[in-house]
Asker: 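One structure is given below, represented as structure tokens, and several questions about it will come after.
Just so we're on the same page: letters track the sequence lines, and every chain starts at 1. As a basis for the values below, the full set of heavy atoms in this structure was taken, side chains included, without hydrogen atoms, waters or symmetry mates. Bear in mind that the values here come from a model prediction, so they are computed numbers and not experimental data.
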There are 2 protein chains.
Amino acid sequence: MIDNLDKVILRTLMDNARVSYADIAKNNRVSPATVHVRVEKMRKAGIIKGAKLKVDPRKLGFDVTCFIGIILKQAGDYPRALAKLEALSEVTEAFYTTGQYSIFIKVVVRNIDDLQRLLIERIQAIDEIQSTDTLISLQNPIMRDVGLDALGH
Amino acid sequence: MIDNLDKVILRTLMDNARVSYADIAKNNRVSPATVHVRVEKMRKAGIIKGAKLKVDPRKLGFDVTCFIGIILKQAGDYPRALAKLEALSEVTEAFYTTGQYSIFIKVVVRNIDDLQRLLIERIQAIDEIQSTDTLISLQNPIMRDVGLDALGH
DNA sequence: ACTGAAAGGTAAAAGGG
DNA sequence: CCCTTTTACCTTTCAGT
């Protein structure tokens with residue numbers, strides 16, 4: 001399914017998506033064409049979903065990151081609530097979860113005032129939402145990709 | 001600080017980091033060299049932190065994503081606990097937070113059995129940790145970058 | 001399934017307005 | 001601050017093994 005060369009290619013590009021296929025080829029003693037073929041294979045298999053530029057939100061003026069656990073009035077309200085959350089650009093991630101919350105979201109905003117307005121005027125204003133719990137992140141000391149070492153084959 | 005062209009470049013590359021500078025230049029009626037200069041400027045300013053390949057963890061056999069809220073025995077235990085969490089490759093993100101938890105982490109594992117072992121044998125075994133709450137993610141319907149539209153300049 | 005070579009395209013640096 | 005030019009390198013395709 002996925003061999004050692006695939007893993008090295010993935011690891012390299014997950015770390016820096018702009019490393020040239022030629023460099024990867026050189027380091028692994030294969031031709032650039034082979035690297036190209038492997039990448040295309042993994043893209044078609046859905047393993048590779050794209051390449052994203054990583055930006056620092058703080059450098060752009062988004063200083064506050066927080067997580068919000070959402071309790072819905074009824075379980076069936078999930079699709080409607082999600083659609084309304086998706087319309088808010090400040091909501092960067094959403095998860096449908098087990099446990100006390102139905103939906104768990106990550107929001108990135110400029111400052112605490114913006115967070116307060118977002119919470120009160122736009123999130124708690126959503127009909128389907130019963131209540132929310134907010135967790136403000138002060139630091140983000142770990143942010144990395146899944147380790148491929150646990151991959152067996 | 002950051003003008004309209006910078007914003008268009010960021011938006012384009014945040015979506016697809018492999019779009020060529022030549023294409024971006026064409027769409028904005030500037031030269032490829034200008035795009036190159038802008039990207040370098042933003043890299044030096046720390047706005048651009050790199051380009052990452054986006055992979056689908058499920059396609060690689062990591063089927064379970066979850067969040068774990070961690071309560072420490074003492075607030076001062078934070079650095080030691082964090083270092084121990086960092087040593088676990090399954091911990092892909094960590095946040096230092098206000099509220100009921102001191103540390104909030106995201107973990108990605110192969111299955112529920114692995115999650116259970118990780119939790120009991122490696123996380124709850126950390127001396128500095130008093131207790132944990134786990135939130136299993138069943139779906140991840142929203143995963144996107146910060147919207148640049150709120151950016152003033 | 002990998003390689004080597006060819007064609008076209010791209011990045012990055014240099015120089016000028 | 002942006003442009004054009006230039007050079008070297010890169011991706012991608014395809015025939016051959």
Asker: Enumerate donor-acceptor pairs with a distance under 3.5 Å from any side-chain N or O in residues 9-23 of chain A to protein atoms, sequence neighbours excluded.
Answerer:
{"unit_1": "A:Arg11", "atom_1": "NH1", "unit_2": "A:Asp149", "atom_2": "OD1", "d": "2.7"}
{"unit_1": "A:Thr12", "atom_1": "OG1", "unit_2": "A:Val8", "atom_2": "O", "d": "2.7"}
{"unit_1": "A:Asn16", "atom_1": "OD1", "unit_2": "A:Arg18", "atom_2": "N", "d": "3.0"}
{"unit_1": "A:Arg18", "atom_1": "NH1", "unit_2": "B:Ala17", "atom_2": "O", "d": "2.4"}
{"unit_1": "A:Ser20", "atom_1": "OG", "unit_2": "A:Asp23", "atom_2": "N", "d": "3.0"}

Asker: Using the benzene-type ring in the case of Trp, are the ring centres of A:Phe104 and B:Phe104 under 6.0 Å apart?
Answerer: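 Yes, close enough.
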Asker: For DNA chain C, what residues of residues 11-22 of chain B have any heavy atom nearer than 4.0 Å?
Answerer: B:Ser20, B:Tyr21, B:Ala22
Asker: Using the rule given for side-chain contact (heavy atoms from CB on, under 4.5 Å), can you reason through B:Asp145 versus A:Thr92, listing the C-alpha separation, both sets of side-chain angles and the distance that settles it, and then say yes or no?
Answerer: CA-CA 6 Å; B:Asp145 295 298; A:Thr92 61; over 6 Å; no
Asker: D:dC10 P sits how many Å from A:Asn27 CG, rounded?
Answerer: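 So the CG-P distance, A:Asn27 to D:dC10, works out to 12 Å.
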Asker: Can you identify which nucleotide, out of D:dC10, C:dT3, D:dC3, has its nearest atom closest to the B:Val30 side chain?
Answerer: D:dC3
Asker: Show which side-chain atoms of residues 49-58 of chain B pair as donor or acceptor with protein atoms under 3.5 Å away, not counting sequence neighbours.
Answerer:
{"unit_1": "B:Asp56", "atom_1": "OD1", "unit_2": "B:Arg58", "atom_2": "N", "d": "3.0"}
{"unit_1": "B:Arg58", "atom_1": "NH2", "unit_2": "B:Leu138", "atom_2": "O", "d": "3.4"}

Asker: With sequence neighbours excluded, what pairs up with B:Arg117 under the salt bridge (Lys or Arg N to Asp or Glu O under 4.0 Å) test?
Answerer: B:Asp114
Asker: For residues 64-77 of chain A, please give each side-chain donor-acceptor pair under 3.5 Å, one per line with the distance, not counting sequence neighbours.
Answerer:
{"unit_1": "A:Lys73", "atom_1": "NZ", "unit_2": "A:Asp127", "atom_2": "O", "d": "2.7"}
{"unit_1": "A:Asp77", "atom_1": "OD1", "unit_2": "A:Arg80", "atom_2": "NH2", "d": "2.9"}
{"unit_1": "A:Asp77", "atom_1": "OD2", "unit_2": "A:Gln74", "atom_2": "N", "d": "3.4"}

Asker: Is any side-chain heavy atom of A:Asp133 closer than 4.5 Å to one of A:Tyr101?
Answerer: yes
Asker: Treat each ILVMFWY residue as a node, draw an edge where side-chain heavy atoms are under 4.5 Å apart, and state whether B:Leu5 and A:Leu60 are in one component.
Answerer: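 Shared cluster, yes.
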Asker: Under 4.0 Å between a side-chain N or O of A:Thr34 and OP1 or OP2 of C:dC2?
Answerer: no
Asker: What is the distance, to the nearest angstrom, from the NZ atom on A:Lys26 to the P atom on C:dC2?
Answerer: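 Going from NZ in A:Lys26 over to P in C:dC2 covers 20 Å.
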Asker: Does any residue of residues 36-56 of chain A have a heavy atom under 4.0 Å from DNA chain D, and if so, which ones, in number order?
Answerer: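 A:His36, in order of number.
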Asker: Please report the distance, rounded to the nearest Å, between CZ in A:Arg29 and C1' in C:dA1.
Answerer: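 Those two atoms, CZ and C1', are 20 Å apart.
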